[in-house]
*Asks:* 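The structure that follows is given in the form of structure tokens.
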Amino acid sequence: MPNKFNTLLFSFPLLLAFSCAAAKVPAVIVFGDSSVDAGNNNGISTVLKSNFQPYGRDFYGGRPTGRFCNGRIPPDFISEAFGLKPAIPAYLDPMYNISDFATGVCFASAGTGYDNATSNVLNVIPFWKELEYYKDYQRKLRDNIGERMGKEIIREALYLMSLGTNDFLENYYIFPTRRIQFTVSQYQDFLIGHAENFIRELHGLGARKLSLTGLPPMGCLPLERTTNVMGGNECIEDYNNVAVEFNRKLDGMAAKLNRELPGMHMVSANAYDIFYQIVTKPSTYGFEVSGVACCSTGTFEMSYLCSKSDPFTCPDANKYVFWDAFHPTEKTNKIISDHLIPFLLATFS
């Protein structure tokens, strides 16, 4: 009689091979902050969490997963578009294991940034630690499906990287340390240096396909508009200009590394313009409100301040560009993702 356990071990790589053959890439692997975090902060000691309602109320089963959204976030839509699963699990989520992570995994942590000092603000996972988790993932993947297939997944996977907003809004513009050390332009260069070092190490570990997302129009986030009393609660254009310049520098770094790193294919999936269009012309995209968020009063609340019992939370998030004072709704995430996906498919399929 055949050993059922051995049969299972033998069959999983076969099933994975069939799954990968049907998809455009074998896996989607995610690094970054709350824009792409699927719930890694749930298991760490930080106040920056979202694994409670009303977060996730429009996710599958109405389940709060730790995504800072009412539903899905961009990596989920991208994964689905590439023929993989419709929701990418967080690496630290105990509900999942290496079999689940083989076709997609998220290492992102809400509140983190390129600057290690940024992750210290709210005691979240520093960016360098995400890379350590990725190394651990590689070891488990090879142990689970074999060296050859493990290397192939690592090489052919699509990597997504999205962060940087917290470095400015939760660090540089809040605390004096970095402002004493750097001008805004110098701080941008400092962050770009960290990004470059991270990508070089990621390349050294086998990654070859990378989509790099820069900063959104961060001056238009409800939290920032709330503080702009003298400006009539409009977008803070100085912050937006910083984002545009940072994205330009990020593009330059990507072009440089494409020339220098053998086999590297990195693109800039810049979402700034489409996001800005949504915020400034919401009705064009089917929204009614862009100045405040759906959750609570929509002016400053996120994480634990975004409570299920709050009577001010809107009943229909689809009317709002923003879910909480810092993060877009699922509808916004889908519009932005749908804008980027054709380019990503054409580039990496």
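Heads up: numbering here begins at 1 and tracks the sequence.
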*Asks:* Return the orientation label for the Phe31 and Phe107 ring planes: parallel under 30°, perpendicular over 60°, tilted otherwise.
*Replies:*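 Phe31 vs Phe107 ring planes: parallel.
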*Asks:* Determine whether Phe198 and Tyr137 fall in the same hydrophobic cluster, where Ile, Leu, Val, Met, Phe, Trp and Tyr are linked whenever their side-chain heavy atoms lie under 4.5 Å apart.
*Replies:*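 Looking at the clustering, Tyr137 is in the same group as Phe198.
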*Asks:* May I ask you to check whether Tyr91 and Phe101 place their ring centers less than 6.0 Å from one another?
*Replies:*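 Distance test on ring centres: under 6.0 Å, yes.
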*Asks:* If we count only N and O atoms by modelled type, under 3.5 Å, do the side chains of Ser268 and Asp251 hold a donor and an acceptor together?
*Replies:*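 Per modelled atom types, Ser268 and Asp251 side chains form a pair under 3.5 Å.
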*Asks:* Do Val184 and Tyr187 land in one hydrophobic cluster if side-chain heavy atoms of ILVMFWY residues count as linked below 4.5 Å?
*Replies:*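 Both belong to a single hydrophobic cluster.
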*Asks:* Return the CG to CG distance between Leu122 and Leu48, rounded to the nearest 0.5 Å.
*Replies:*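 Rounded to the nearest 0.5 Å, the CG-CG separation comes to 5.5 Å.
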*Asks:* Would you say Asn40's side chain and Ala108's backbone share a donor-acceptor pair under 3.5 angstrom?
*Replies:*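 Yes: the side chain of Asn40 pairs with the backbone of Ala108.
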*Asks:* Check whether Tyr133 forms a cation-pi arrangement with Lys135 (NZ or CZ under 6.0 Å from the six-membered ring centre, at most 45° off the ring normal).
*Replies:*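 Not satisfied by the 6.0 Å and 45° rule.
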*Asks:* Determine whether Asp324 and Phe68 make a side-chain contact, defined as any pair of heavy atoms from C-beta on separated by less than 4.5 Å.
*Replies:*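 Touching, per the 4.5 Å side-chain cut-off.
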*Asks:* Should the pair Arg208-Glu156 be classified as a salt bridge under the 4.0 Å nitrogen-to-oxygen rule?
*Replies:*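 Salt bridge flag = no for Glu156 with Arg208.
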*Asks:* Kindly determine whether Asp115 and Tyr172 satisfy side chain to side chain contact (heavy atoms under 4.5 Å, CB included), including the steps that lead there.
*Replies:* CA-CA 10 Å; Asp115 186 351; Tyr172 187 84; over 6 Å; no
*Asks:* Does a side-chain heavy-atom distance below 4.5 Å link Thr299 with Leu223?
*Replies:*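 Result no, sub-4.5 Å side-chain heavy-atom pair not found.
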*Asks:* With a 2.5 Å cut-off on the SG atoms, do Cys294 and Cys314 make it?
*Replies:*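 The sulfur gammas are closer than 2.5 Å, so yes.
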*Asks:* Any Lys/Arg nitrogen of Glu80 or Lys85 sitting under 4.0 Å from an Asp/Glu carboxylate oxygen of the other?
*Replies:*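 Looking at Lys85 together with Glu80, the answer is no, because their closest N to O distance does not fall below 4.0 Å.
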*Asks:* Answer yes or no: is there an ion pair linking Arg72 with Asp58, defined by an N-O contact shorter than 4.0 Å?
*Replies:*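 Here Arg72 does not pair with Asp58 in a salt bridge, since their nearest N and O are not under 4.0 Å apart.
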*Asks:* Hey, what else clusters with Val229 if you join Ile, Leu, Val, Met, Phe, Trp, Tyr whenever side-chain heavy atoms sit under 4.5 Å?
*Replies:*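 Listed partners: none, Val229 stands alone.
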*Asks:* Could you see if Leu163 belongs to whatever hydrophobic cluster contains Met253? Use Ile, Leu, Val, Met, Phe, Trp, Tyr and a side-chain cutoff under 4.5 Å.
*Replies:*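 Both belong to a single hydrophobic cluster.
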*Asks:* Between atom CG of Leu261 and atom CG of Leu202, what is the distance when rounded to the nearest 0.5 Å?
*Replies:*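 Between Leu261 CG and Leu202 CG, I get 10.0 Å after rounding to 0.5 Å.
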*Asks:* So, taking the atom named CZ in Phe182 and the one named CG in Leu191, what distance separates them when rounded to the nearest 0.5 Å?
*Replies:*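 Nearest 0.5 Å value for the CZ-CG distance: 8.5 Å.
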*Asks:* Supply the atom-to-atom distance Ile88 CD1 to Cys106 SG, rounded to the nearest 0.5 angstrom.
*Replies:*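 If I round to the nearest 0.5 Å, the distance is 7.0 Å.
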*Asks:* Please report the C-alpha distance between Cys235 and Cys220 in whole Å, then the side-chain angles of each, then the deciding distance to 0.1 Å, and finally whether the disulfide bond (SG atoms under 2.5 Å apart) criterion is met.
*Replies:* CA-CA 4 Å; Cys235 298; Cys220 292; 2.1 Å; yes
*Asks:* Tell me if a side-chain donor or acceptor on Asn233 pairs with a main-chain N or O of Arg225 at a distance below 3.5 Å.
*Replies:*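 Side chain of Asn233 to backbone of Arg225: a pair is present.
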*Asks:* So Tyr134 and Tyr159, would you call those rings parallel, tilted or perpendicular, with 30° and 60° as cut-offs?
*Replies:*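 Rings of Tyr134 and Tyr159: perpendicular, over 60°.
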*Asks:* Under 4.5 Å between side-chain heavy atoms, counting indirect links through other Ile/Leu/Val/Met/Phe/Trp/Tyr residues: same cluster for Phe127 and Met218 or not?
*Replies:*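 Same hydrophobic cluster.
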*Asks:* Is it the case that Ser185 and Thr183 place a side-chain donor and acceptor less than 3.5 Å from each other?
*Replies:*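 No, because no side-chain N or O of Ser185 sits under 3.5 Å from a partner of the opposite role on Thr183.
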*Asks:* Does one side chain, of Asp167 or Thr118, offer a donor that lies under 3.5 Å from an acceptor on the other?
*Replies:*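 A pair is found: one side chain offers a donor N or O, the other an acceptor, under 3.5 Å apart.
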*Asks:* I'd like to know if the side chain of Thr227 and the backbone of Glu224 have a donor-acceptor N/O pair within less than 3.5 Å.
*Replies:*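 Such a contact is found between Thr227 side chain and Glu224 backbone.
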*Asks:* Does OH in Tyr60 sit with more than 12 non-hydrogen atoms of other residues, nucleotides or ligands closer than 6.0 Å?
*Replies:*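 Yes, enclosed.
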*Asks:* Looking only at side-chain N and O atoms, does His265 offer a donor or acceptor that is under 3.5 Å from a partner on Thr347?
*Replies:*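 Their side chains do not contain a donor-acceptor pair, so the 3.5 Å distance test is not met.
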*Asks:* Check this for me: does any side-chain nitrogen of one of Glu330 and Lys334 sit under 4.0 Å from a carboxylate oxygen of the other?
*Replies:*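 Salt bridge between Glu330 and Lys334, a charged N being under 4.0 Å from a carboxylate O: no.
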*Asks:* Does this structure show an ion pair linking Asp189 with Lys249, if we count only N-O contacts that are shorter than 4.0 Å?
*Replies:*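 Yes.
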*Asks:* Could you tell me whether a side-chain N or O of Thr112 sits under 3.5 Å from a main-chain N or O of Asp33, the two making a donor and an acceptor?
*Replies:*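 Checked: no pair found.
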*Asks:* With a 4.5 Å heavy-atom cut-off, do Leu160 and Ile78 have their side chains touching?
*Replies:*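 Yes; the side chains approach each other to less than 4.5 Å.
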*Asks:* Is the Phe52 ring parallel, tilted or perpendicular to the Tyr55 ring (thresholds 30°, 60°)?
*Replies:*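 Judged by the thresholds at 30° and 60°, the geometry between Phe52 and Tyr55 is perpendicular.
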*Asks:* With a cut-off of under 6.0 Å to the ring centre and 45° to the axis, is Lys331 in cation-pi contact with Phe287?
*Replies:*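 Relative to the ring axis of Phe287, which defines the angle, Lys331 lies inside both limits.
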*Asks:* Between Ser34 and His327, which heavy-atom pair has the shortest distance, and what is it?
*Replies:*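 Distance-wise, the nearest heavy atoms are OG-NE2, 2.7 Å.
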*Asks:* Which atom pair, heavy atoms only, marks the closest approach of Lys49 to Asn41?
*Replies:*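 Looking at all heavy atoms of both residues, the shortest contact is NZ-O, 2.8 Å.
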*Asks:* With distance as the sole criterion, is a donor-acceptor pair present between the side chains of Asn42 and Asp93 under 3.5 Å?
*Replies:*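 Their side chains do not contain a donor-acceptor pair, so the 3.5 Å distance test is not met.
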*Asks:* Kindly give the heavy-atom pair with the smallest separation between Val267 and Phe348, and that separation in Å.
*Replies:*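 Reported closest heavy-atom pair: CG2-CE1, 3.7 Å.
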*Asks:* Strictly distance-based, threshold 3.5 Å: is any side-chain N or O of Asn70 a donor or acceptor partner for the main-chain N or O of Gly56?
*Replies:*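 No.
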*Asks:* Answer yes or no: is there a side-chain heavy-atom contact under 4.5 Å between Val242 and Val244?
*Replies:*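 Val242 vs Val244: side chains apart.
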*Asks:* Same cluster or not: Ile336 versus Tyr285, using hydrophobic residues (I, L, V, M, F, W, Y) connected whenever any side-chain heavy atoms lie under 4.5 Å apart?
*Replies:*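 Ile336 clusters together with Tyr285.
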*Asks:* With a 3.5 Å distance limit and no angle check, can you tell me whether Thr103 reaches the backbone of Ala27 through a side-chain donor-acceptor pair?
*Replies:*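 No: the side chain of Thr103 does not pair with the backbone of Ala27.
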*Asks:* Is the backbone N or O of Phe175 less than 3.5 Å from a side-chain atom of Arg179, with the two atoms forming a donor-acceptor pair by type?
*Replies:*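 Looks like yes, one N/O pair under 3.5 Å.
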*Asks:* How many angstroms lie between atom CG of Asp273 and atom CD1 of Ile278, to the nearest 0.5 angstrom?
*Replies:*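 With rounding to 0.5 Å, CG (Asp273) is 11.0 Å from CD1 (Ile278).
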*Asks:* For His194 and Tyr114, I'd like to know if the aromatic rings sit close, meaning centre-to-centre distance below 6.0 Å.
*Replies:*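 No, they do not, as the ring centres are separated by 6.0 Å or more.
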*Asks:* If you measure only the distance, is there a donor-acceptor pair under 3.5 Å linking the side chains of Thr65 and Arg67?
*Replies:*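 Short answer, yes.
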*Asks:* What verdict does the salt bridge (Lys or Arg N to Asp or Glu O under 4.0 Å) test give for Asp136 and Arg139, after you've listed the backbone C-alpha separation in whole Å, the side-chain angles of each residue and the deciding distance to 0.1 Å?
*Replies:* CA-CA 5 Å; Asp136 182 58; Arg139 287 190 292 269; 3.6 Å; yes
*Asks:* Check step by step if side chain to side chain contact (heavy atoms under 4.5 Å, CB included) holds for Ser211 and Met161.
*Replies:* CA-CA 6 Å; Ser211 171; Met161 197 165 128; over 6 Å; no
*Asks:* Assess the pair Phe246 and Tyr239: is the distance between their ring centroids shorter than 6.0 Å?
*Replies:*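 Centroid distance Phe246-Tyr239: not below 6.0 Å, so no.
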*Asks:* Give, for atom CG of Asn51 and atom CZ of Arg63, the distance between the pair rounded to the nearest 0.5 Å.
*Replies:*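 One gets 10.5 Å once the value is rounded to the nearest 0.5 Å.
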*Asks:* Without swapping roles, check the side chain of Glu130 against the backbone of Gly32 for a donor-acceptor pair under 3.5 Å.
*Replies:*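 Judged by distance alone, yes, a pair lies under 3.5 Å.
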